Amino acid sequence: MTEEEPDGLLEDRSPIFGSWKVVYIVVVANLLTMVGVLYLVTRWAS
Amino acid sequence: MRPLDWAILVTTIFAIVAYGAWKTRGAQDMKSYLRGGNELKWPTIGLSVMATQASAITFLSTPGQAYEDGMRFVQFYFGLPLAMIVICAVFIPIYYRLKVYTAYEYLERRFDVKVRYLGALLFLIQRGLAAGITIYAPAIILSTILGWSLSATILGIGIVVIIYTVSGGTKAVSQTQKHQMVVMMTGMVVAAVVIIVNLSDTVSLPHAVKVAGALGRMNVIDFSFDLDNRYNFWSGVTGGFFLALSYFGTDQSQVQRYLTGRSITESRLGLLFNAMFKIPMQTLILFIGVLVFVFYIFIKPPIFFNQPALEQARQTAHGPQMSALEAEYDAAFEAQKKAAERYVETLESGTEDPAAKAELVAAAGVLSGHRAEAKRLVVEALPDAETKDADYVFVSFVLQYLPTGLVGLLIAVILSAAMSSTASELNALGSTTTVDMYRRGLKPNLSDRGSVIASKVFTAMWGLVALGFASFASLLDNLIEAVNILGSIFYGTVLGLFLVAFFLKRVTGTPVFVAALVAQAVVVTLFFTSSLGFLWYNVVGCGAVMAVSLVLQPIIGRADPRPST
(Lines give C-alpha, C1' and ligand atoms only; values in the text may rest on other atoms or scores of the structure.)
Protein backbone atom coordinates (compact mmCIF):
# COMPACT_ATOMS: atom_id res chain seq x y z
CA MET A 1 0.00 0.00 0.00
CA THR A 2 1.73 3.14 -1.13
CA GLU A 3 -1.23 5.48 -1.36
CA GLU A 4 -0.71 8.69 0.69
CA GLU A 5 -3.61 9.84 2.84
CA PRO A 6 -4.05 13.42 4.05
CA ASP A 7 -3.57 12.45 7.70
CA GLY A 8 -0.37 10.57 6.96
CA LEU A 9 -1.61 7.32 8.47
CA LEU A 10 -0.69 5.41 5.35
CA GLU A 11 2.87 6.64 5.21
CA ASP A 12 4.65 3.46 4.23
CA ARG A 13 8.42 3.61 4.40
CA SER A 14 10.67 1.40 6.47
CA PRO A 15 12.61 3.82 8.69
CA ILE A 16 15.83 1.82 8.72
CA PHE A 17 16.19 -0.17 5.52
CA GLY A 18 14.01 1.81 3.10
CA SER A 19 12.16 -1.30 1.99
CA TRP A 20 9.86 -3.40 4.17
CA LYS A 21 10.96 -6.50 2.25
CA VAL A 22 14.44 -6.11 3.72
CA VAL A 23 12.94 -5.75 7.22
CA TYR A 24 10.94 -8.95 6.72
CA ILE A 25 14.08 -10.80 5.56
CA VAL A 26 15.87 -9.61 8.72
CA VAL A 27 12.97 -10.96 10.85
CA VAL A 28 13.14 -14.36 9.11
CA ALA A 29 16.92 -14.44 9.47
CA ASN A 30 16.52 -13.66 13.17
CA LEU A 31 14.04 -16.55 13.52
CA LEU A 32 16.36 -18.99 11.74
CA THR A 33 19.27 -17.86 13.92
CA MET A 34 17.23 -18.41 17.10
CA VAL A 35 16.13 -21.88 15.94
CA GLY A 36 19.74 -22.72 15.04
CA VAL A 37 21.11 -21.58 18.40
CA LEU A 38 18.38 -23.41 20.34
CA TYR A 39 19.02 -26.56 18.29
CA LEU A 40 22.74 -26.41 19.11
CA VAL A 41 21.89 -25.93 22.82
CA THR A 42 19.54 -28.93 22.64
CA ARG A 43 22.23 -31.10 21.04
CA TRP A 44 24.94 -29.94 23.47
CA ALA A 45 22.83 -30.40 26.61
CA SER A 46 21.41 -33.84 25.81
CA MET B 1 4.79 -11.67 52.41
CA ARG B 2 6.54 -9.05 54.55
CA PRO B 3 5.68 -5.32 54.82
CA LEU B 4 8.37 -4.40 52.23
CA ASP B 5 6.83 -6.87 49.77
CA TRP B 6 3.39 -5.39 50.33
CA ALA B 7 4.77 -1.85 49.87
CA ILE B 8 6.45 -2.78 46.56
CA LEU B 9 3.39 -4.69 45.35
CA VAL B 10 0.83 -1.98 46.13
CA THR B 11 3.06 0.90 44.94
CA THR B 12 3.90 -0.81 41.64
CA ILE B 13 0.30 -1.73 40.79
CA PHE B 14 -1.29 1.59 41.73
CA ALA B 15 1.47 3.83 40.34
CA ILE B 16 1.03 2.23 36.90
CA VAL B 17 -2.76 2.47 36.99
CA ALA B 18 -2.70 6.08 38.28
CA TYR B 19 -0.20 7.07 35.56
CA GLY B 20 -2.41 5.50 32.87
CA ALA B 21 -5.51 7.27 34.18
CA TRP B 22 -3.67 10.62 34.42
CA LYS B 23 -2.27 10.36 30.88
CA THR B 24 -5.74 9.76 29.42
CA ARG B 25 -7.75 12.35 31.37
CA GLY B 26 -9.99 14.82 29.51
CA ALA B 27 -12.74 14.76 26.90
CA GLN B 28 -13.00 11.76 24.60
CA ASP B 29 -14.44 11.04 21.18
CA MET B 30 -14.75 7.68 19.40
CA LYS B 31 -11.34 7.96 17.74
CA SER B 32 -9.56 8.69 21.01
CA TYR B 33 -11.57 6.17 23.07
CA LEU B 34 -11.42 3.22 20.66
CA ARG B 35 -8.25 3.93 18.65
CA GLY B 36 -6.22 5.88 21.22
CA GLY B 37 -6.44 8.98 18.98
CA ASN B 38 -3.93 7.32 16.60
CA GLU B 39 -1.13 8.89 18.63
CA LEU B 40 0.95 5.95 19.82
CA LYS B 41 4.50 5.11 18.76
CA TRP B 42 5.87 1.65 18.09
CA PRO B 43 7.50 0.96 21.51
CA THR B 44 4.12 1.47 23.24
CA ILE B 45 2.33 -0.60 20.58
CA GLY B 46 4.95 -3.37 20.74
CA LEU B 47 4.87 -3.64 24.53
CA SER B 48 1.07 -3.38 24.56
CA VAL B 49 0.72 -6.26 22.07
CA MET B 50 3.18 -8.31 24.13
CA ALA B 51 1.40 -7.52 27.42
CA THR B 52 -1.99 -8.44 25.96
CA GLN B 53 -0.73 -11.91 25.07
CA ALA B 54 1.21 -12.42 28.33
CA SER B 55 -1.42 -13.31 30.90
CA ALA B 56 -0.72 -14.17 34.53
CA ILE B 57 -0.81 -17.83 33.57
CA THR B 58 2.20 -17.15 31.31
CA PHE B 59 4.24 -16.30 34.39
CA LEU B 60 2.69 -18.86 36.73
CA SER B 61 2.35 -21.91 34.48
CA THR B 62 5.17 -21.57 31.96
CA PRO B 63 8.06 -22.04 34.43
CA GLY B 64 6.11 -24.94 35.96
CA GLN B 65 5.65 -26.44 32.51
CA ALA B 66 9.42 -26.32 31.92
CA TYR B 67 9.92 -27.88 35.38
CA GLU B 68 7.66 -30.82 34.48
CA ASP B 69 8.07 -31.15 30.72
CA GLY B 70 11.18 -29.22 29.64
CA MET B 71 11.50 -26.30 27.23
CA ARG B 72 9.83 -27.76 24.13
CA PHE B 73 6.82 -25.44 24.58
CA VAL B 74 8.91 -22.62 23.05
CA GLN B 75 8.40 -24.23 19.61
CA PHE B 76 4.75 -23.15 19.88
CA TYR B 77 5.99 -19.61 19.07
CA PHE B 78 8.05 -20.41 15.94
CA GLY B 79 5.17 -19.52 13.60
CA LEU B 80 4.65 -16.14 15.27
CA PRO B 81 7.33 -14.09 13.44
CA LEU B 82 6.10 -15.40 10.07
CA ALA B 83 2.50 -14.53 10.98
CA MET B 84 3.61 -11.01 11.96
CA ILE B 85 5.16 -10.49 8.53
CA VAL B 86 1.89 -11.50 6.80
CA ILE B 87 -0.13 -9.21 9.08
CA CYS B 88 2.24 -6.28 8.41
CA ALA B 89 2.20 -6.85 4.66
CA VAL B 90 -1.50 -7.69 4.13
CA PHE B 91 -3.77 -7.02 7.12
CA ILE B 92 -2.52 -3.66 8.45
CA PRO B 93 -2.66 -1.71 5.15
CA ILE B 94 -6.29 -2.79 4.63
CA TYR B 95 -7.37 -1.95 8.20
CA TYR B 96 -5.72 1.47 7.91
CA ARG B 97 -7.10 2.21 4.44
CA LEU B 98 -10.66 1.46 5.57
CA LYS B 99 -10.16 3.28 8.92
CA VAL B 100 -12.02 0.53 10.79
CA TYR B 101 -12.54 0.47 14.57
CA THR B 102 -12.84 -3.33 14.66
CA ALA B 103 -11.53 -6.12 12.46
CA TYR B 104 -15.09 -7.34 11.82
CA GLU B 105 -16.12 -4.05 10.14
CA TYR B 106 -13.86 -5.10 7.30
CA LEU B 107 -15.84 -8.33 6.81
CA GLU B 108 -18.99 -6.34 6.00
CA ARG B 109 -17.15 -4.08 3.57
CA ARG B 110 -15.72 -7.12 1.80
CA PHE B 111 -18.71 -9.51 2.06
CA ASP B 112 -21.96 -8.56 3.79
CA VAL B 113 -23.40 -7.86 7.22
CA LYS B 114 -24.13 -11.50 8.15
CA VAL B 115 -20.43 -12.41 7.79
CA ARG B 116 -19.56 -9.40 9.98
CA TYR B 117 -22.02 -10.54 12.65
CA LEU B 118 -20.65 -14.10 12.50
CA GLY B 119 -17.03 -12.94 12.94
CA ALA B 120 -17.98 -10.59 15.79
CA LEU B 121 -20.14 -13.22 17.48
CA LEU B 122 -17.41 -15.88 17.40
CA PHE B 123 -15.04 -13.33 18.94
CA LEU B 124 -17.50 -12.28 21.67
CA ILE B 125 -18.20 -15.91 22.68
CA GLN B 126 -14.60 -17.03 22.94
CA ARG B 127 -13.16 -13.82 24.39
CA GLY B 128 -16.10 -13.28 26.76
CA LEU B 129 -15.49 -16.69 28.32
CA ALA B 130 -11.71 -16.22 28.32
CA ALA B 131 -11.91 -12.87 30.16
CA GLY B 132 -13.37 -14.58 33.23
CA ILE B 133 -10.65 -17.21 33.19
CA THR B 134 -7.92 -14.58 32.75
CA ILE B 135 -8.97 -13.27 36.17
CA TYR B 136 -9.91 -16.57 37.81
CA ALA B 137 -6.82 -18.62 36.92
CA PRO B 138 -4.23 -16.48 38.77
CA ALA B 139 -6.70 -15.65 41.56
CA ILE B 140 -7.20 -19.31 42.51
CA ILE B 141 -3.43 -19.93 42.62
CA LEU B 142 -2.51 -16.72 44.51
CA SER B 143 -5.35 -17.10 46.99
CA THR B 144 -4.42 -20.73 47.69
CA ILE B 145 -0.73 -20.16 48.15
CA LEU B 146 -0.89 -16.77 49.92
CA GLY B 147 -3.96 -17.50 52.02
CA TRP B 148 -5.93 -14.63 50.47
CA SER B 149 -9.70 -14.80 50.03
CA LEU B 150 -10.52 -16.04 46.50
CA SER B 151 -13.47 -13.65 46.13
CA ALA B 152 -11.40 -10.68 47.34
CA THR B 153 -8.57 -11.54 44.92
CA ILE B 154 -10.98 -11.82 41.97
CA LEU B 155 -12.71 -8.56 42.92
CA GLY B 156 -9.41 -6.78 43.58
CA ILE B 157 -8.00 -7.61 40.13
CA GLY B 158 -11.32 -7.12 38.32
CA ILE B 159 -12.49 -3.83 39.79
CA VAL B 160 -9.17 -2.02 39.27
CA VAL B 161 -9.07 -3.16 35.63
CA ILE B 162 -12.70 -2.19 35.00
CA ILE B 163 -12.16 1.29 36.44
CA TYR B 164 -9.17 2.27 34.30
CA THR B 165 -10.35 0.48 31.16
CA VAL B 166 -13.79 2.10 31.27
CA SER B 167 -12.49 5.56 32.14
CA GLY B 168 -9.50 5.79 29.81
CA GLY B 169 -10.37 3.43 26.95
CA THR B 170 -7.81 2.07 24.50
CA LYS B 171 -5.11 4.64 25.26
CA ALA B 172 -5.26 3.94 29.02
CA VAL B 173 -4.96 0.22 28.30
CA SER B 174 -1.90 0.71 26.09
CA GLN B 175 -0.20 3.24 28.40
CA THR B 176 -0.59 1.01 31.46
CA GLN B 177 0.50 -2.06 29.51
CA LYS B 178 3.76 -0.38 28.51
CA HIS B 179 4.74 0.02 32.17
CA GLN B 180 3.26 -3.31 33.24
CA MET B 181 5.40 -5.03 30.61
CA VAL B 182 8.54 -3.27 31.87
CA VAL B 183 7.72 -4.51 35.41
CA MET B 184 7.11 -8.04 34.12
CA MET B 185 10.39 -8.30 32.23
CA THR B 186 12.40 -6.63 35.01
CA GLY B 187 10.93 -9.05 37.55
CA MET B 188 11.69 -12.13 35.46
CA VAL B 189 15.26 -11.07 34.60
CA VAL B 190 16.00 -10.30 38.27
CA ALA B 191 14.48 -13.67 39.27
CA ALA B 192 16.71 -15.46 36.74
CA VAL B 193 19.83 -13.69 38.04
CA VAL B 194 18.98 -14.48 41.68
CA ILE B 195 18.42 -18.17 40.89
CA ILE B 196 21.71 -18.40 38.95
CA VAL B 197 23.58 -16.73 41.84
CA ASN B 198 21.92 -19.15 44.32
CA LEU B 199 22.85 -22.13 42.15
CA SER B 200 26.46 -21.02 41.65
CA ASP B 201 27.44 -22.29 45.14
CA THR B 202 26.53 -25.82 44.04
CA VAL B 203 26.85 -26.00 40.27
CA SER B 204 28.00 -23.68 37.47
CA LEU B 205 25.47 -22.51 34.86
CA PRO B 206 26.84 -24.69 32.00
CA HIS B 207 26.82 -27.76 34.24
CA ALA B 208 23.31 -26.91 35.48
CA VAL B 209 22.21 -26.91 31.84
CA LYS B 210 23.91 -30.30 31.30
CA VAL B 211 22.13 -31.75 34.36
CA ALA B 212 18.80 -30.41 33.07
CA GLY B 213 19.59 -31.86 29.64
CA ALA B 214 20.40 -35.28 31.11
CA LEU B 215 16.94 -35.27 32.73
CA GLY B 216 15.12 -34.25 29.52
CA ARG B 217 14.43 -30.61 30.39
CA MET B 218 16.53 -29.07 27.58
CA ASN B 219 14.40 -30.61 24.83
CA VAL B 220 14.03 -27.21 23.14
CA ILE B 221 13.98 -28.33 19.50
CA ASP B 222 12.37 -31.53 18.24
CA PHE B 223 12.41 -32.04 14.46
CA SER B 224 10.53 -35.37 14.56
CA PHE B 225 7.20 -35.19 12.69
CA ASP B 226 4.25 -36.50 14.69
CA LEU B 227 0.70 -35.16 14.32
CA ASP B 228 -0.23 -36.24 17.86
CA ASN B 229 2.84 -34.55 19.39
CA ARG B 230 1.58 -31.20 20.65
CA TYR B 231 4.90 -29.36 20.57
CA ASN B 232 7.48 -30.07 17.89
CA PHE B 233 9.16 -27.86 15.30
CA TRP B 234 6.61 -28.65 12.56
CA SER B 235 3.46 -28.15 14.65
CA GLY B 236 5.05 -24.97 16.03
CA VAL B 237 5.82 -23.47 12.62
CA THR B 238 2.60 -24.60 10.90
CA GLY B 239 -0.06 -24.65 13.62
CA GLY B 240 1.66 -21.83 15.49
CA PHE B 241 1.69 -19.72 12.31
CA PHE B 242 -2.07 -20.12 11.78
CA LEU B 243 -2.85 -19.58 15.46
CA ALA B 244 -0.71 -16.42 15.59
CA LEU B 245 -2.13 -15.17 12.28
CA SER B 246 -5.63 -15.61 13.63
CA TYR B 247 -4.90 -14.20 17.09
CA PHE B 248 -2.88 -11.14 16.05
CA GLY B 249 -4.64 -10.54 12.73
CA THR B 250 -8.31 -11.05 13.59
CA ASP B 251 -8.78 -11.03 17.38
CA GLN B 252 -10.00 -7.55 18.28
CA SER B 253 -8.11 -7.59 21.61
CA GLN B 254 -4.88 -7.52 19.53
CA VAL B 255 -6.09 -5.62 16.44
CA GLN B 256 -7.20 -2.75 18.69
CA ARG B 257 -3.66 -2.49 20.08
CA TYR B 258 -1.94 -1.82 16.76
CA LEU B 259 -4.75 0.29 15.29
CA THR B 260 -3.69 2.94 17.83
CA GLY B 261 -0.53 3.65 15.80
CA ARG B 262 0.42 7.15 14.72
CA SER B 263 1.04 5.71 11.24
CA ILE B 264 1.12 2.39 9.45
CA THR B 265 4.89 2.35 10.04
CA GLU B 266 4.49 2.59 13.83
CA SER B 267 1.95 -0.28 13.82
CA ARG B 268 4.22 -2.47 11.71
CA LEU B 269 7.27 -1.78 13.87
CA GLY B 270 5.24 -2.58 17.00
CA LEU B 271 4.31 -6.00 15.61
CA LEU B 272 7.81 -6.68 14.28
CA PHE B 273 9.18 -5.87 17.74
CA ASN B 274 7.11 -8.86 18.91
CA ALA B 275 8.37 -10.93 15.97
CA MET B 276 11.92 -10.34 17.17
CA PHE B 277 11.54 -10.57 20.94
CA LYS B 278 8.64 -12.91 21.74
CA ILE B 279 10.70 -16.09 21.35
CA PRO B 280 13.60 -14.80 23.52
CA MET B 281 11.08 -13.73 26.18
CA GLN B 282 9.37 -17.13 26.27
CA THR B 283 12.77 -18.86 26.23
CA LEU B 284 13.77 -16.84 29.31
CA ILE B 285 10.57 -17.71 31.19
CA LEU B 286 10.93 -21.42 30.34
CA PHE B 287 14.63 -21.34 31.24
CA ILE B 288 13.74 -19.94 34.65
CA GLY B 289 11.58 -23.05 35.13
CA VAL B 290 14.56 -25.23 34.16
CA LEU B 291 16.79 -23.38 36.65
CA VAL B 292 14.17 -23.94 39.37
CA PHE B 293 14.19 -27.62 38.41
CA VAL B 294 17.98 -27.83 38.83
CA PHE B 295 17.76 -25.86 42.10
CA TYR B 296 15.34 -28.49 43.44
CA ILE B 297 17.77 -31.29 42.58
CA PHE B 298 20.07 -30.02 45.32
CA ILE B 299 17.44 -28.54 47.70
CA LYS B 300 14.53 -30.85 48.53
CA PRO B 301 11.28 -29.77 46.87
CA PRO B 302 7.89 -30.55 48.42
CA ILE B 303 6.37 -33.80 47.20
CA PHE B 304 3.38 -31.72 46.06
CA PHE B 305 3.74 -27.99 45.38
CA ASN B 306 0.16 -27.03 46.26
CA GLN B 307 1.03 -27.12 49.95
CA PRO B 308 -2.42 -26.27 51.38
CA ALA B 309 -3.94 -29.14 49.37
CA LEU B 310 -1.16 -31.47 50.55
CA GLU B 311 -1.79 -30.44 54.15
CA GLN B 312 -5.52 -31.12 53.78
CA ALA B 313 -4.82 -34.51 52.21
CA ARG B 314 -2.65 -35.42 55.21
CA GLN B 315 -5.69 -34.86 57.46
CA THR B 316 -7.83 -37.39 55.56
CA ALA B 317 -7.92 -41.20 55.72
CA HIS B 318 -5.08 -41.15 53.18
CA GLY B 319 -2.79 -39.46 55.75
CA PRO B 320 -0.83 -42.56 56.86
CA GLN B 321 -0.31 -43.63 53.24
CA MET B 322 0.94 -40.14 52.39
CA SER B 323 3.36 -40.16 55.38
CA ALA B 324 4.84 -43.48 54.27
CA LEU B 325 5.19 -42.16 50.72
CA GLU B 326 6.90 -38.99 51.97
CA ALA B 327 9.48 -41.07 53.86
CA GLU B 328 10.27 -42.98 50.65
CA TYR B 329 10.34 -39.68 48.76
CA ASP B 330 12.95 -38.24 51.19
CA ALA B 331 15.21 -41.23 50.62
CA ALA B 332 14.73 -41.04 46.85
CA PHE B 333 15.59 -37.33 46.91
CA GLU B 334 18.88 -38.01 48.75
CA ALA B 335 19.73 -40.72 46.21
CA GLN B 336 19.03 -38.35 43.32
CA LYS B 337 21.07 -35.56 44.94
CA LYS B 338 24.09 -37.85 45.39
CA ALA B 339 23.76 -39.10 41.79
CA ALA B 340 23.58 -35.49 40.55
CA GLU B 341 26.68 -34.52 42.57
CA ARG B 342 28.59 -37.47 41.10
CA TYR B 343 27.50 -36.49 37.58
CA VAL B 344 28.56 -32.87 38.15
CA GLU B 345 31.95 -34.08 39.43
CA THR B 346 32.52 -35.97 36.20
CA LEU B 347 31.53 -32.84 34.25
CA GLU B 348 33.96 -30.73 36.26
CA SER B 349 36.75 -33.21 35.59
CA GLY B 350 36.13 -32.74 31.87
CA THR B 351 35.16 -36.36 31.19
CA GLU B 352 31.40 -36.82 31.17
CA ASP B 353 30.67 -40.30 32.54
CA PRO B 354 27.70 -42.08 30.84
CA ALA B 355 27.34 -44.38 33.88
CA ALA B 356 26.95 -41.40 36.24
CA LYS B 357 24.42 -39.88 33.86
CA ALA B 358 22.44 -43.16 33.70
CA GLU B 359 22.48 -43.37 37.51
CA LEU B 360 21.09 -39.80 37.74
CA VAL B 361 18.35 -40.57 35.19
CA ALA B 362 17.33 -43.71 37.11
CA ALA B 363 17.25 -41.86 40.45
CA ALA B 364 15.15 -39.05 38.93
CA GLY B 365 12.72 -41.66 37.57
CA VAL B 366 12.15 -43.05 41.06
CA LEU B 367 11.60 -39.57 42.49
CA SER B 368 9.13 -38.55 39.80
CA GLY B 369 7.27 -41.82 40.38
CA HIS B 370 6.81 -40.81 44.02
CA ARG B 371 5.55 -37.37 42.99
CA ALA B 372 3.04 -38.94 40.61
CA GLU B 373 1.86 -41.25 43.40
CA ALA B 374 1.49 -38.27 45.77
CA LYS B 375 -0.61 -36.45 43.19
CA ARG B 376 -2.81 -39.53 42.80
CA LEU B 377 -3.30 -39.67 46.57
CA VAL B 378 -4.19 -35.95 46.76
CA VAL B 379 -6.73 -36.40 43.94
CA GLU B 380 -8.24 -39.38 45.78
CA ALA B 381 -8.31 -37.55 49.10
CA LEU B 382 -9.58 -34.22 47.72
CA PRO B 383 -11.48 -34.75 44.47
CA ASP B 384 -12.36 -31.02 44.23
CA ALA B 385 -8.84 -29.66 44.87
CA GLU B 386 -6.75 -27.86 42.23
CA THR B 387 -4.26 -30.62 41.40
CA LYS B 388 -2.40 -29.12 38.42
CA ASP B 389 0.73 -28.96 40.54
CA ALA B 390 2.93 -27.38 37.86
CA ASP B 391 1.06 -24.06 38.30
CA TYR B 392 2.31 -23.85 41.89
CA VAL B 393 6.01 -24.63 41.26
CA PHE B 394 7.20 -21.10 40.46
CA VAL B 395 5.10 -19.13 42.94
CA SER B 396 5.98 -21.45 45.84
CA PHE B 397 9.68 -21.16 44.89
CA VAL B 398 9.39 -17.35 44.82
CA LEU B 399 7.77 -17.22 48.25
CA GLN B 400 10.21 -19.61 49.87
CA TYR B 401 13.59 -18.77 48.35
CA LEU B 402 13.63 -15.23 46.93
CA PRO B 403 14.66 -12.29 49.13
CA THR B 404 12.19 -9.86 50.71
CA GLY B 405 11.21 -7.14 48.25
CA LEU B 406 11.72 -9.35 45.24
CA VAL B 407 8.76 -11.44 46.39
CA GLY B 408 6.56 -8.33 46.24
CA LEU B 409 7.95 -7.46 42.80
CA LEU B 410 7.19 -10.92 41.41
CA ILE B 411 3.65 -10.98 42.80
CA ALA B 412 3.30 -7.55 41.12
CA VAL B 413 4.50 -9.19 37.88
CA ILE B 414 1.74 -11.81 38.12
CA LEU B 415 -0.99 -9.30 38.99
CA SER B 416 0.21 -6.87 36.27
CA ALA B 417 0.02 -9.67 33.73
CA ALA B 418 -3.52 -10.55 34.85
CA MET B 419 -4.61 -6.91 34.64
CA SER B 420 -2.95 -6.13 31.30
CA SER B 421 -4.49 -9.03 29.41
CA THR B 422 -7.91 -8.56 31.04
CA ALA B 423 -7.87 -4.85 30.16
CA SER B 424 -7.29 -5.59 26.46
CA GLU B 425 -10.05 -8.18 26.47
CA LEU B 426 -12.63 -5.90 28.11
CA ASN B 427 -11.63 -3.00 25.87
CA ALA B 428 -12.08 -5.16 22.75
CA LEU B 429 -15.32 -6.76 23.95
CA GLY B 430 -16.80 -3.32 24.68
CA SER B 431 -15.68 -1.95 21.29
CA THR B 432 -16.99 -4.92 19.30
CA THR B 433 -20.34 -4.93 21.10
CA THR B 434 -20.74 -1.20 20.43
CA VAL B 435 -19.45 -0.97 16.87
CA ASP B 436 -20.44 -4.32 15.36
CA MET B 437 -23.64 -5.08 17.25
CA TYR B 438 -25.26 -2.07 18.97
CA ARG B 439 -24.43 0.71 16.50
CA ARG B 440 -24.62 -1.53 13.40
CA GLY B 441 -27.77 -3.42 14.31
CA LEU B 442 -29.79 -1.27 16.70
CA LYS B 443 -28.68 2.38 16.62
CA PRO B 444 -27.20 3.20 13.20
CA ASN B 445 -27.52 6.97 13.81
CA LEU B 446 -25.81 6.96 17.20
CA SER B 447 -23.76 10.15 17.75
CA ASP B 448 -20.04 10.19 18.46
CA ARG B 449 -20.65 11.03 22.10
CA GLY B 450 -23.39 8.38 22.34
CA SER B 451 -20.98 5.80 20.94
CA VAL B 452 -18.35 6.64 23.59
CA ILE B 453 -20.96 6.32 26.35
CA ALA B 454 -22.21 3.02 24.88
CA SER B 455 -18.61 1.72 24.69
CA LYS B 456 -18.07 2.58 28.36
CA VAL B 457 -21.32 0.89 29.37
CA PHE B 458 -20.56 -2.27 27.36
CA THR B 459 -16.96 -2.40 28.63
CA ALA B 460 -18.23 -2.19 32.22
CA MET B 461 -20.90 -4.80 31.45
CA TRP B 462 -18.31 -7.24 30.06
CA GLY B 463 -16.17 -6.55 33.13
CA LEU B 464 -19.06 -7.55 35.37
CA VAL B 465 -19.73 -10.64 33.22
CA ALA B 466 -16.05 -11.61 33.55
CA LEU B 467 -16.17 -11.05 37.32
CA GLY B 468 -19.34 -13.14 37.61
CA PHE B 469 -17.88 -15.90 35.47
CA ALA B 470 -14.63 -15.85 37.49
CA SER B 471 -16.61 -16.07 40.76
CA PHE B 472 -18.49 -19.18 39.65
CA ALA B 473 -15.63 -20.79 37.72
CA SER B 474 -14.60 -22.96 40.66
CA LEU B 475 -17.93 -24.78 40.44
CA LEU B 476 -16.99 -26.34 37.11
CA ASP B 477 -14.35 -29.02 36.61
CA ASN B 478 -11.56 -28.52 34.08
CA LEU B 479 -13.00 -25.16 33.10
CA ILE B 480 -9.68 -23.57 32.20
CA GLU B 481 -8.76 -26.38 29.85
CA ALA B 482 -12.23 -26.29 28.31
CA VAL B 483 -12.03 -22.57 27.61
CA ASN B 484 -8.53 -22.86 26.11
CA ILE B 485 -9.70 -25.59 23.77
CA LEU B 486 -12.83 -23.60 22.96
CA GLY B 487 -10.61 -20.72 21.81
CA SER B 488 -8.54 -22.90 19.51
CA ILE B 489 -11.71 -24.43 18.04
CA PHE B 490 -12.95 -21.02 16.85
CA TYR B 491 -9.70 -19.40 15.74
CA GLY B 492 -9.27 -21.40 12.50
CA THR B 493 -12.75 -20.51 11.27
CA VAL B 494 -12.34 -16.81 11.98
CA LEU B 495 -8.95 -16.78 10.26
CA GLY B 496 -10.51 -18.58 7.28
CA LEU B 497 -13.07 -15.76 6.92
CA PHE B 498 -10.29 -13.18 6.76
CA LEU B 499 -7.99 -15.15 4.44
CA VAL B 500 -10.86 -15.70 2.00
CA ALA B 501 -11.54 -11.96 2.20
CA PHE B 502 -7.91 -11.06 1.48
CA PHE B 503 -6.87 -13.68 -1.04
CA LEU B 504 -9.93 -15.24 -2.76
CA LYS B 505 -11.26 -12.13 -4.43
CA ARG B 506 -14.12 -13.74 -6.34
CA VAL B 507 -15.73 -15.41 -3.29
CA THR B 508 -18.84 -13.58 -2.00
CA GLY B 509 -20.72 -13.41 1.33
CA THR B 510 -23.13 -16.35 1.24
CA PRO B 511 -20.59 -19.06 0.24
CA VAL B 512 -18.05 -17.93 2.86
CA PHE B 513 -20.77 -17.71 5.53
CA VAL B 514 -21.96 -21.29 4.83
CA ALA B 515 -18.34 -22.47 4.54
CA ALA B 516 -17.58 -21.02 7.99
CA LEU B 517 -20.50 -22.92 9.51
CA VAL B 518 -19.36 -26.15 7.79
CA ALA B 519 -15.74 -25.63 8.90
CA GLN B 520 -16.85 -25.01 12.47
CA ALA B 521 -18.85 -28.28 12.42
CA VAL B 522 -15.80 -30.15 11.04
CA VAL B 523 -13.51 -28.82 13.78
CA VAL B 524 -16.04 -29.59 16.54
CA THR B 525 -16.43 -33.14 15.14
CA LEU B 526 -12.64 -33.59 15.10
CA PHE B 527 -12.47 -32.37 18.69
CA PHE B 528 -14.93 -35.05 19.83
CA THR B 529 -13.70 -37.91 17.63
CA SER B 530 -9.92 -37.60 17.14
CA SER B 531 -6.70 -37.20 19.14
CA LEU B 532 -5.34 -34.49 16.81
CA GLY B 533 -3.17 -31.93 18.65
CA PHE B 534 -5.17 -28.72 19.23
CA LEU B 535 -2.79 -26.53 17.22
CA TRP B 536 -3.86 -28.39 14.07
CA TYR B 537 -7.50 -27.26 14.57
CA ASN B 538 -6.42 -23.83 13.34
CA VAL B 539 -5.04 -25.30 10.12
CA VAL B 540 -8.09 -27.53 9.53
CA GLY B 541 -10.68 -24.83 10.31
CA CYS B 542 -8.98 -22.22 8.16
CA GLY B 543 -8.36 -24.64 5.27
CA ALA B 544 -11.97 -25.88 5.38
CA VAL B 545 -13.41 -22.33 5.14
CA MET B 546 -11.22 -21.56 2.12
CA ALA B 547 -11.84 -24.87 0.31
CA VAL B 548 -15.61 -25.06 0.95
CA SER B 549 -16.20 -21.42 0.01
CA LEU B 550 -14.42 -21.99 -3.32
CA VAL B 551 -16.59 -25.05 -4.00
CA LEU B 552 -19.81 -23.25 -3.01
CA GLN B 553 -19.12 -19.99 -4.87
CA PRO B 554 -20.40 -21.16 -8.30
CA ILE B 555 -23.41 -22.87 -6.67
CA ILE B 556 -24.80 -20.33 -4.17
CA GLY B 557 -22.71 -17.21 -4.72
CA ARG B 558 -24.15 -15.93 -8.00
CA ALA B 559 -26.97 -13.95 -6.40
CA ASP B 560 -24.59 -12.06 -4.08
CA PRO B 561 -23.50 -8.52 -4.98
CA ARG B 562 -20.05 -8.22 -6.53
CA PRO B 563 -17.40 -8.28 -3.77
CA SER B 564 -15.37 -5.19 -2.96
CA THR B 565 -12.02 -4.85 -1.18
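Sequence lines set the chain letters: A, B, ... in the order given, protein chains first and strands last, and positions in each chain run from 1. Computed from a predicted structure; not experimentally measured. Basis for what follows: all heavy atoms, side chains included, without hydrogens, waters or symmetry-related copies.
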Looking only at non-hydrogen atoms, find the nearest pair between B:Met276 and A:Val26 and report the distance. CE-CG1, 4.4 Å

To the nearest 0.5 Å, how far apart are CD1 in B:Ile85 and CH2 in A:Trp20? 11.5 Å

Provide the closest heavy-atom pair for A:Ser46 versus B:Lys357 in the form atom of the first, atom of the second, distance. C-NZ, 3.5 Å

Quick one: pull up CD1 in B:Ile221 and CG in A:Leu38 and give me the separation to the nearest 0.5 Å. 5.0 Å

For B:Thr283, which atoms come within 4.5 Å of any heavy atom of chain A: side chain, backbone, both, or neither? side chain

Measure A:Val27 against the heavy atoms of chain B and call it side chain, backbone, both or neither at under 4.5 Å. both

Please report the C-alpha distance between A:Tyr24 and B:Cys88 in whole Å, then the side-chain angles of each, then the deciding distance to 0.1 Å, and finally whether the side-chain contact (heavy atoms from CB on, under 4.5 Å) criterion is met. CA-CA 9 Å; A:Tyr24 299 151; B:Cys88 288; 3.3 Å; yes

Shortest non-hydrogen contact from A:Trp44 toward B:Lys210: O-NZ, 2.9 Å

Check A:Asn30 against B:Ala275 and note the closest heavy-atom contact, atom names and distance. ND2-O, 4.4 Å

For a quick test of reading the model, state the closest non-hydrogen atom pair linking A:Leu31 to B:Phe78 and the distance between them. CD2-O, 3.6 Å

